[in-house]
Trainee: 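One structure coming up, written as structure tokens, with questions to follow.
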2 protein chains.
Amino acid sequence: MSKKRVTLADVARLAGLSPTAASMILTGRPDTRLSAEAHARVHAAALELGYRPNLAARALRTDKTRTIAFISDVVATTRFANGLIRGTLEAADAAGHVVLVLETGGEPAREVQAIEAALDRQVDGFIFAAMRAREVFVPALPAATRVVMLNATSRHHPVCILPDEFEAGGAAVRLLHDAGIRDGIALIGHNQMVEQGLFRSETVSRRLSGIRTEMARFGLDFVAEESCWNWEARNGYELVCGLLERKVPLTALLCLNDRLAFGAYQALGEAGLRIPADMSVVSFDNDELAADLRPGLTTFALPHEEMGREAVRLLLAPKSELGEHLIPMTATIRQSIAIIGEGRGLVTEMPRPSRSN
Amino acid sequence: MSKKRVTLADVARLAGLSPTAASMILTGRPDTRLSAEAHARVHAAALELGYRPNLAARALRTDKTRTIAFISDVVATTRFANGLIRGTLEAADAAGHVVLVLETGGEPAREVQAIEAALDRQVDGFIFAAMRAREVFVPALPAATRVVMLNATSRHHPVCILPDEFEAGGAAVRLLHDAGIRDGIALIGHNQMVEQGLFRSETVSRRLSGIRTEMARFGLDFVAEESCWNWEARNGYELVCGLLERKVPLTALLCLNDRLAFGAYQALGEAGLRIPADMSVVSFDNDELAADLRPGLTTFALPHEEMGREAVRLLLAPKSELGEHLIPMTATIRQSIAIIGEGRGLVTEMPRPSRSN
DNA sequence: CAATATTGCTAAAAGGATTTAGCAAATGAT
DNA sequence: ATCATTTGCTAAATCCTTTTAGCAATATTG
């Protein structure tokens, strides 16, 4: 009938024991010498009263909150890197932790604020996530703070998680090669600066490096390398229109992301070319879009969800496992490549939640 | 040099005052009678030591954490309702609060767990969000708990925020009417069950109701009402292919979401029909997709971001403002309607973050 | 049997803030 | 000069849990 919260003292009283005993039993201390009967009485009392420990009080004493701070530029608030947060939430939940999500828009001032807000709340660790894999500036933190960089790197925090772009780049080339394609392959979205790792994501330069390495291994050459700065649908459209106008002999398009590929689809459609009969297309990201295109787009997914899960695992691991953790990118095979050889890394498509409003 | 946290006692000591005084001054109590000099000394000391209050300790005493629980089915982890969380984070940040994000996948068991995890951490209030606006089951909560339903409703929690679908439905019809279109309007995605509010989102039934009311007001009739259960691109494609086969005389397609519209684009494209010259299209959602289509799709955006902000405002408002809070949906005018009259509610398109990996 | 170990449990302190009750000095009223 | 207020500040209690140190009773050992 009383409106107050049930406290540990209440449980102890009902069990006829001291709060000390109740605490030891409920927190499952190993070395305690309390009787089996005491255990039973305390657990029964806790159940009967519906006891829930006050985590603020516990945090005050133990400095542990079972709370993780997820600090990102725009991960939670754009659709792009959504899997990162999905994986993080899922793994945190499984580990009995909870996630404080803070977005900074990449602004250093807000970043500092976010970190302070999290520190004030005694979080157990930090995950710094970035929408595009990149070096992220992390303001100074207390020495012992546990930190994992997710889809990001940092000079001061060596534990980081990245997609294995080099391998995926090679795999994309293999997919075309296995399909019997030898000539007329165009690279869509190449950019000198990016390739040299000067701008944007460091990982994309690895993707390109993987592509070139594998092309060389097979003795293949690009018939064209179309460069652009942004990777939007419009850019893909314009680049492919250009190629068609110049009558470059094309067999396959290796697009650096799905939006470029979407633009390519539009250009090819308007030119009356059929995919994959007249042209094969392969791409990266596995955007939601890729499944809706006609025909479905074969593309290498960024393993965001898996990366998020791994971030939580590393953050809560007993000792930190330093270094880069590369997560494999798997191909989702659809119908955009005229497959002659057998597909590798084939993944059946996952059902997605459908939407109605 | 010491590694320990700076505590209020340290500040008080440095200022030559009691912790009581320091607390009163730093929390900015109004009625205190402490001297101006004392204020100055305490603030100076806090600054010098870099004092940050321990929120766990404060929470223990005051039961306030400046933390909000955002509990949703799949909002944070799908791209669809992303704006909800963006708006929430933004407004919470502005109000000096922090957001605990918990996803339940809509499973009642996980919902209960999530609520308990949040209650254990003494959150100041709950926002229950749903991907599609719908009645959400909320497990019992302590009586005084502050709750806002976001894009959702609940029998027990009267404060809710919904998009103004009725109005938007009418506005979509007006857009076509203003463009001089009188005949050959097809409704794509109609569904009897949805319209009666029996399934899915309650708000979509309002959207349909707004559409029909406005059609009636103008004395217009649909030339066809194509029904389907899912609202994916493939459904739009199939429905429009069907209409074309049956040679229904079409002028405009009123699609119930952008994915259906995307499918319609594909079907029209394959049939060699041009938008908007041969066919106007209008739709709902303002999916990212809508901007990438050729031509750009005119569509009514779900005001998710604004809704998220409003949720925080209502949650933290001094007294709860009961009832439904309808947020207007604004049209983003692109090129998919042959505009003859003048466009209303025209919104220039916002730049979106571009993406490269 | 006396000395020692073990068992089963508890009192009290600690963690860091807020808040209630109240003290001493200065000021004002009579 | 005396009593009542006001001013400026503080001691101590409180929130709830964990943890250290240790007590009393029983069991074991020499």
Side-chain angles (χ1 to χ4, degrees), chain A residues 2-43 45-46 49-67 119-122 124 142, chain B residues 2-43 45-46 49-67 119-124 142 144:
Chain A
S2 88
K3 304 224 163 194
K4 292 192 16 77
R5 268 185 82 111
V6 174
T7 135
L8 184 62
D10 300 330
V11 173
R13 191 160 30 244
L14 180 60
L17 287 167
S18 70
T20 308
S23 169
M24 286 169 151
I25 288 170
L26 290 177
T27 53
R29 273 244 207 142
D31 56 338
T32 183
R33 298 183 306 243
L34 295 161
S35 66
E37 210 230 313
H39 275 80
R41 285 218 309 275
V42 167
H43 279 122
L49 298 177
Y51 170 70
R52 304 237 85 212
N54 180 327
L55 294 197
R58 178 178 289 175
L60 184 56
R61 193 67 235 267
T62 62
D63 248 28
K64 299 237 158 300
T65 52
R66 301 187 79 78
T67 302
L119 284 175
D120 290 352
R121 287 165 181 83
Q122 326 268 118
D124 293 346
Chain B
S2 88
K3 304 225 162 194
K4 291 192 21 78
R5 268 185 80 112
V6 174
T7 133
L8 184 63
D10 299 331
V11 174
R13 191 160 28 244
L14 180 59
L17 288 166
S18 70
T20 308
S23 170
M24 286 170 150
I25 289 169
L26 289 177
T27 53
R29 274 245 207 140
D31 57 336
T32 183
R33 299 183 305 244
L34 295 161
S35 66
E37 210 229 314
H39 275 81
R41 284 217 310 275
V42 167
H43 279 123
L49 297 176
Y51 171 70
R52 305 235 83 213
N54 181 326
L55 294 197
R58 178 179 289 174
L60 183 56
R61 191 68 235 266
T62 63
D63 247 29
K64 298 239 157 301
T65 51
R66 301 187 79 78
T67 302
L119 284 175
D120 290 352
R121 287 166 180 82
Q122 327 266 117
V123 298
D124 293 346

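Heavy-atom basis, side chains included; hydrogens, waters and symmetry copies ignored. Convention: sequence-line order gives letters A, B, ...; per-chain numbering from 1. None of the values given here were measured: they were computed from a predicted structure.
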Trainee: Over how many whole Å does the gap from Arg41(B) atom CZ to dC9(D) atom P extend?
Mentor: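 Arg41(B) atom CZ is separated from dC9(D) atom P by 7 Å.
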Trainee: Using modelled atom types only, decide if a donor and an acceptor are shared between the side chain of Arg29(A) and the backbone of Ser23(A) within a distance under 3.5 Å.
Mentor: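 Judged by distance alone, no pair lies under 3.5 Å.
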Trainee: Hey, does the side chain of Arg52(A) reach the backbone of Arg5(A) with a donor-acceptor pair shorter than 3.5 angstrom?
Mentor: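 Answer holds: no.
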Trainee: Go through dT10(C), dA17(C), dT7(D) for me and flag the one nearest to the Leu8(B) side chain.
Mentor: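 Minimum distance to the Leu8(B) side chain belongs to dA17(C).
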Trainee: Starting at atom CG of Leu34(B), determine the distance to atom C1' of dT7(D), rounded to an integer number of angstrom.
Mentor: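 Roughly 10 Å, once rounded to whole Å.
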Trainee: Between dG8(D), dT10(C), dC16(D), which nucleotide gets closest to the side-chain atoms of Leu17(A)?
Mentor: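 Among the listed nucleotides, the one closest to the side chain of Leu17(A) is dT10(C).
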Trainee: Side chains of Leu119(A) and Pro142(A): closer than 4.5 Å at any heavy-atom pair?
Mentor: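 Of all side-chain heavy-atom pairs linking Pro142(A) with Leu119(A), at least one is under 4.5 Å.
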Trainee: Could you pick out which residue, Arg58(A) or Gly16(B), lies toward the 5' side of DNA chain D when each is mapped onto its nearest nucleotide?
Mentor: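 It is Gly16(B) whose nearest nucleotide is closer to the 5' end.
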Trainee: Measure from CZ on Arg33(A) to P on dT10(C) and round the result to the nearest Å.
Mentor: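 Taking CZ of Arg33(A) and P of dT10(C), I get 13 Å after rounding.
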Trainee: Can you check whether Leu26(B) reaches Leu8(B) side chain to side chain, under 4.5 Å on heavy atoms?
Mentor: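 Yes, side chains in contact.
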Trainee: Side chains of Thr67(B) and Arg121(B) only: does a donor on one sit below 3.5 Å from an acceptor on the other?
Mentor: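 Their side chains do not contain a donor-acceptor pair, so the 3.5 Å distance test is not met.
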Trainee: Figure out the CG/P separation between Asp120(B) and dC16(D), and round it to whole Å.
Mentor: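 These atoms are roughly 14 Å apart.
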Trainee: Counting C-beta onward and ignoring hydrogens, is there a side-chain heavy-atom pair between Asp120(B) and Arg66(A) closer than 4.5 Å?
Mentor: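 No, their side chains stay 4.5 Å or more apart.
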Trainee: Is there a side-chain contact between Thr7(B) and Asp10(B), using heavy atoms and a 4.5 Å cut-off?
Mentor: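 The answer is yes; the side chains approach within 4.5 Å.
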Trainee: Quick one: Arg5(A) CZ to dC15(D) P, roughly how many Å, whole number?
Mentor: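 Between P of dC15(D) and CZ of Arg5(A): 13 Å.
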Trainee: Quick one: is dC16(D) close enough that its OP1 or OP2 comes under 4.0 Å of any side-chain N or O from Tyr51(A)?
Mentor: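 No.
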Trainee: Quick one: Asp10(A) CG to dC16(D) P, roughly how many Å, whole number?
Mentor: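 Value for this atom pair: 9 Å.
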Trainee: Listing time: all N or O pairs from protein to nucleotides 19-21 of chain C that are below 3.5 Å?
Mentor:
unit_1	atom_1	unit_2	atom_2	d
dT19(C)	O4'	Arg61(B)	NH1	3.2
dT19(C)	O4	Thr20(B)	OG1	3.2

Trainee: Under a 4.5 Å cut-off applied to non-hydrogen side-chain atoms, are Gln122(A) and Leu55(B) in contact?
Mentor: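 They are not in side-chain contact.
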Trainee: Between dG16(C) atom P and Arg121(A) atom CZ, what is the distance in whole Å?
Mentor: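 About 18 Å, once rounded to whole Å.
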Trainee: If an axis is fit to five pairs at each end of the helix from dC1(C)-dG30(D) to dT30(C)-dA1(D), what is the angle between the two, to the nearest 10°?
Mentor: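 Comparing the axis at each end, I get an angle of 50°.
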Trainee: Using a cut-off of 4.0 Å on non-hydrogen atoms, how would the nucleic acid contact of Ala38(A) be classed: base, sugar-phosphate, or nothing?
Mentor: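 Touches sugar-phosphate only.
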Trainee: Out of curiosity, Glu37(A) CD to Leu17(A) CG, how far, rounded to the nearest 0.5 Å?
Mentor: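 One finds 8.5 Å between CD of Glu37(A) and CG of Leu17(A).
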Trainee: Rounded to whole Å, how long is the line connecting atom CG of Leu60(A) with atom P of dT17(D)?
Mentor: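 Taking atom P of dT17(D) as the reference, CG of Leu60(A) is at 12 Å.
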Trainee: Return whichever of Glu37(B) or Arg52(A) has its heavy-atom-nearest nucleotide of DNA chain D closer to the 5' end.
Mentor: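 Between the two, 5'-proximity favours Glu37(B).
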